[in-house]
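What follows is a short report on a single structure.
Predicted, not measured: the structure shown is a model, and the values here were computed from it.
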Amino acid sequence: MDSKQLDEQRRSLFAALEKEFADELVPAQHNQDGEGRFDSLTLFLEDLTGAGNETIGEFFFLPFVDSDKADLQIFVNYFTIAEEIDEENLSELLAAASILNATIPVGAFAVDAESKSLIYRHAYEMPLPLSAEALKDLVDLSMGTAVQTLQTFGYMLLEVNDGERNAESLLRTMVPDK
């Protein structure tokens, strides 16, 4: 599959996903760069990691230098779960993220140094080429896995950021023998 076909397949996928989410009343926007070479999808998710929390999900494929010769593609799920980090709790938050990252099955929590926000990122490798249906199935699997991980563990880091929990209590929760 050449790069133009790959770009079109991804564009169609993101357009279809935007419609699916809109049909479910989830705010979604299919984004394209000015040259039509980079597509992404942005979602606004309420209460994903806890009541009253707003999460922004961004989904895209990592660009390759020469996609015509690539035999895999990497799909990225990138969630911003807190846009404001409490500086007083930063060391606890980093320690807690490290504990979670050592115990969760996929992805990683981090503090984005540039935006000073709490994020969760999960990358998923997919072979090339794929049929449109197979690509959609793998993207759905990747997105579902990332959302499930956030629903299960994300609230704990929000509690650390808010000063309601510390890294040690998170360790006791995640590794009860400690």
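A 4.5 Å side-chain heavy-atom check between H122 and V76 finds every atom pair outside the cut-off. Within the 4.5 Å cutoff, no side-chain heavy atoms of P127 are placed close to those of L72. Here the side chains of Y155 and R165 are in contact, with some heavy-atom distance below 4.5 Å. In this structure, the side chains of I119 and V111 stay at 4.5 Å or more apart for every pair of heavy atoms. When side chains are defined from C-beta on, N31 does not count as touching D39, because their heavy atoms never get closer than 4.5 Å. Between E58 and L41, the closest side-chain pair of non-hydrogen atoms is not below 4.5 Å. Inter-residue side-chain proximity for L43 and M143 is flagged as met; some heavy-atom pair is nearer than 4.5 Å. The side-chain heavy atoms of Q5 and D2, taken from C-beta on, include a pair separated by under 4.5 Å.
Across D47 and G52, no two heavy atoms sit closer than the pair OD1-N, 2.7 Å. Shown here for A167 and I99, the closest heavy-atom pair between the two residues is O-CD1, 3.4 Å. In terms of heavy-atom proximity, L130 sits nearest to M126 at CD1-CB, 4.1 Å. The nearest pair of heavy atoms linking H30 to R11 is CE1-O, 3.5 Å. In terms of heavy-atom proximity, L25 sits nearest to P27 at O-CD, 3.6 Å. Minimum interatomic distance between D86 and N161 (heavy atoms only, all atoms of both residues): N-OD1, 2.9 Å.
With N89 contributing its side chain and E92 its backbone, the two residues share no donor-acceptor pair below 3.5 Å. Under a 3.5 Å cut-off, the side chain of T152 and the backbone N or O of T149 do not form any donor-acceptor pair.
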Evaluate side-chain contact (heavy atoms from CB on, under 4.5 Å) for V160 paired with N166, printing each intermediate quantity in order.
CA-CA 5 Å; V160 172; N166 63 24; over 6 Å; no
Determine, step by step, whether I56 and Y78 satisfy the side-chain contact (heavy atoms from CB on, under 4.5 Å) criterion, reporting the C-alpha distance in whole Å, the side-chain angles of both residues, the deciding distance to 0.1 Å, and the verdict.
CA-CA 8 Å; I56 298 170; Y78 187 98; over 6 Å; no
Let's go through F153 and M174 carefully: what are the C-alpha distance in whole Å and the side-chain angles of both, what is the deciding distance for side-chain contact (heavy atoms from CB on, under 4.5 Å) to 0.1 Å, and is it a yes or a no?
CA-CA 10 Å; F153 302 106; M174 299 304 295; 3.3 Å; yes
Might you work through the side-chain contact (heavy atoms from CB on, under 4.5 Å) test for K116 and E87, ending with a clear yes or no?
CA-CA 9 Å; K116 300 278 193 248; E87 292 290 329; 4.0 Å; yes
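A donor and an acceptor atom, one from each side chain of N53 and T55, are located under 3.5 Å apart. Defined by atom type and a distance below 3.5 Å, a donor-acceptor pair is missing between the side-chain atoms of Y120 and N101.
Rounding to the nearest 0.5 angstrom, the gap separating the CD1 atom in I85 from the OG atom in S117 is 6.5 Å. The structure places OG1 of T42 at 6.5 Å from CD of Q29, a figure rounded to the nearest 0.5 Å. Between atom OG1 of residue T80 and atom CD of residue E54 there is a gap of 12.0 Å, rounded to the nearest 0.5 Å. From L48, atom CG reaches atom CD of Q151 across 5.0 Å, with rounding to the nearest 0.5 Å. In this structure, the separation between CG on D71 and CG on L128 is 7.5 Å, given to the nearest 0.5 Å. Rounded to the nearest 0.5 angstrom, L171 CG and E168 CD are separated by 7.5 Å.
For E83, the CD atom sits in a loose shell: 12 or fewer heavy atoms of surrounding residues, nucleotides or ligands are nearer than 6.0 Å. Within a 6.0 Å sphere centred on CD of E125, heavy atoms belonging to other residues, nucleotides or ligands number 12 at most.
Of the options L94, L93, L150, a side-chain contact (heavy atoms from CB on, under 4.5 Å) to F109 is made by L150 and by none of the others.
Contact check on E20 versus K136 returns a salt bridge, with a Lys/Arg side-chain nitrogen under 4.0 Å from an Asp/Glu carboxylate oxygen. Salt bridge status for K4 with E8: absent, with no side-chain N to carboxylate O gap under 4.0 Å.
Both cation-pi conditions hold for R10 and F61: the charged atom is under 6.0 angstrom from the six-membered ring centre and inside a 45 degree cone around its axis.
A perpendicular orientation is assigned to the rings of F59 and F79, their planes being inclined by more than 60° (bins at 30° and 60°).
At a threshold of 4.5 Å between side-chain heavy atoms, the hydrophobic network of Ile, Leu, Val, Met, Phe, Trp and Tyr places L17 and F44 in two separate groups.
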